[in-house]
Amino acid sequence: MKKFKFIFIIVIAFILDQVSKILVMNNLKINGSIDVIKNFFRITYSHNDGAAFGMFGGKTIFIVVVSILVLAYLLFELFYHKKRNLLVDISTSLIVGGLLGNLFDRLYFGYVRDFLDFKIFNYDFAIFNLADTFIVVGAVLFLIGVILEERHENSSK
């Protein structure tokens, strides 16, 4: 029952990702764009058949297999690893929720639906989605959690 909170985080991340993608898909045509903050942030509906930044474009089966392997490992770590830092478990849950959101898109559509489009200091970032955000934020929090774990272990020796 203690792990229920992590299932909750995974489900909420997945739902937020999918609802946001449905809203964009139902309100914009492919490559359609809405300025939210002029010259900084747009909602631009696009499809990505690759991984981050379009890498491995068209290699959907490869990306799906890798995603499933990573998911299996993370779920094992989350639910069967006895001694974990709370921040590591929360971050792992965010990563799993994001991976599930993008995996669903790949399996159902054959591509990932992206829409968050930022331009900062004239650099136009790759368009991404909430699942990608959960994965990146989760990865950063994971690293912080692991560093804190190691410091705690080293200080208690």
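Hydrogens, waters and symmetry mates play no part in the numbers below; they use all other heavy atoms, side chains included.
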If every non-hydrogen atom of Ile95 is compared with every non-hydrogen atom of Ala139, which pair is closest and at what distance?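 It is CD1-N, 3.7 Å.
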Hey, could you give me the CG/OG distance between Leu86 and Ser91, rounded to the nearest 0.5 Å? 9.5 Å
Hphob cluster co-occupancy, Leu141 + Ile147, side-chain heavy atoms under 4.5 angstrom: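 The answer is no; the residues belong to distinct hydrophobic clusters.
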Quick check: closest heavy atoms across Gly145 and Asn85, and the distance to 0.1 Å?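 Closest heavy-atom pair between Gly145 and Asn85: O-ND2, 3.3 Å.
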Once the angle between the rings of Phe128 and Phe118 is folded into 0 to 90°, is it parallel (under 30°), tilted (30 to 60°) or perpendicular (over 60°)? parallel
Minimum-distance pair of heavy atoms, taken over all atoms of Ser20 and Phe115: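 Taking every non-hydrogen atom into account, OG-CZ, 3.4 Å.
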Is there a side-chain contact between Asn102 and Lys21 (heavy atoms, below 4.5 Å)? yes
I need the minimum non-hydrogen distance between Asp114 and Asp132, along with the two atoms involved.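 Closest approach of Asp114 to Asp132: OD1-OD2, 3.6 Å.
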OH on Tyr45 to CE on Met25, rounded to 0.5 Å: 5.5 Å
Is there side-chain contact between Glu149 and Leu87, with heavy atoms separated by less than 4.5 Å?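 No, their side chains stay 4.5 Å or more apart.
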To check you understand the geometry: which heavy-atom pair defines the closest contact between Ala13 and Gly97, and what is its length? CB-CA, 4.0 Å
Does Val65 belong to the same Ile/Leu/Val/Met/Phe/Trp/Tyr cluster as Phe76, with side-chain heavy atoms less than 4.5 Å apart forming each link? no
Pair Thr92-Phe6, side-chain contact (heavy atoms from CB on, under 4.5 Å): steps then yes or no: CA-CA 9 Å; Thr92 301; Phe6 306 122; over 6 Å; no
Donor-acceptor contacts under 3.5 Å from residues 30-40 side chains, at least two apart:
{"residue": "Ser33", "atom": "OG", "partner": "Ile43", "partner atom": "O", "Å": "3.4"}
{"residue": "Ser33", "atom": "OG", "partner": "Thr44", "partner atom": "OG1", "Å": "2.8"}

Does Asp105 reach the main-chain N or O of Tyr108 with its side chain, forming a donor-acceptor pair under 3.5 Å?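 No; judged by distance alone, with no hydrogens or angles, the pair does not exist.
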Assigning hydrophobic clusters by single linkage (Ile, Leu, Val, Met, Phe, Trp, Tyr; side-chain heavy-atom cutoff under 4.5 Å), is Phe14 placed with Val11?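 Yes; tracing contacts between hydrophobic side chains, which count when under 4.5 Å, links both residues.
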Verify the cluster assignment for Val137 and Leu143: are they in a single hydrophobic cluster under the rule of side-chain heavy atoms below 4.5 Å apart? no
Please test Val112 against His47 for side-chain contact (heavy atoms from CB on, under 4.5 Å), starting from the C-alpha separation and ending with a verdict. CA-CA 6 Å; Val112 172; His47 296 164; over 6 Å; no
Measuring from atom CG of Asn129 to atom CG of Leu16, what distance do you get when rounded to the nearest 0.5 angstrom?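 Asn129 CG to Leu16 CG: 12.0 Å, rounded to 0.5 Å.
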Min side-chain heavy-atom separation Val19-Ile15 under 4.5 Å: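 Counting from C-beta outward, Val19 and Ile15 do come under 4.5 Å.
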Close side-chain approach of Arg113 and Ile22, heavy atoms under 4.5 Å: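 In short, these two side chains touch, coming nearer than 4.5 Å.
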Roughly how far apart are Leu74 CG and Leu99 CG, rounded to 0.5 Å?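 One gets 6.5 Å once the value is rounded to the nearest 0.5 Å.
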Between Phe104 and Leu69, is there a shared hydrophobic cluster once you connect ILVMFWY residues whose side-chain heavy atoms come closer than 4.5 Å?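 Different clusters.
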Tell me whether the centres of the aromatic rings in Phe109 and Tyr111 are closer together than 6.0 Å.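 Phe109 vs Tyr111: aromatic centres under 6.0 Å.
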Calculate, to the nearest 0.5 Å, the distance between atoms CG and CD belonging to Leu100 and Gln18 respectively.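 Answer rounded to 0.5 Å: 9.5 Å.
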Determine whether Tyr73 and Leu78 make a side-chain contact, defined as any pair of heavy atoms from C-beta on separated by less than 4.5 Å.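 Of all side-chain heavy-atom pairs linking Leu78 with Tyr73, none is under 4.5 Å.
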For Ile61, look at atom CD1 and say whether over 12 heavy atoms of other residues, nucleotides or ligands are found less than 6.0 Å away. no
Can you find a pair of side-chain heavy atoms, one from Asp124 and one from Asp117, that are under 4.5 Å apart?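 They are in side-chain contact.
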Is there a side-chain contact between Leu116 and Phe41 (heavy atoms, below 4.5 Å)? yes
Is it true that Tyr123 and Phe125 have ring centroids separated by less than 6.0 Å? yes
I want to check something: taking the side chain as every heavy atom from C-beta on, are Ile135 and Leu94 in contact at a cut-off of under 4.5 Å? no
Between OG1 on residue Thr60 and CG on residue Leu107, distance to nearest 0.5 Å: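 So the OG1 of Thr60 and the CG of Leu107 are separated by 9.5 Å.
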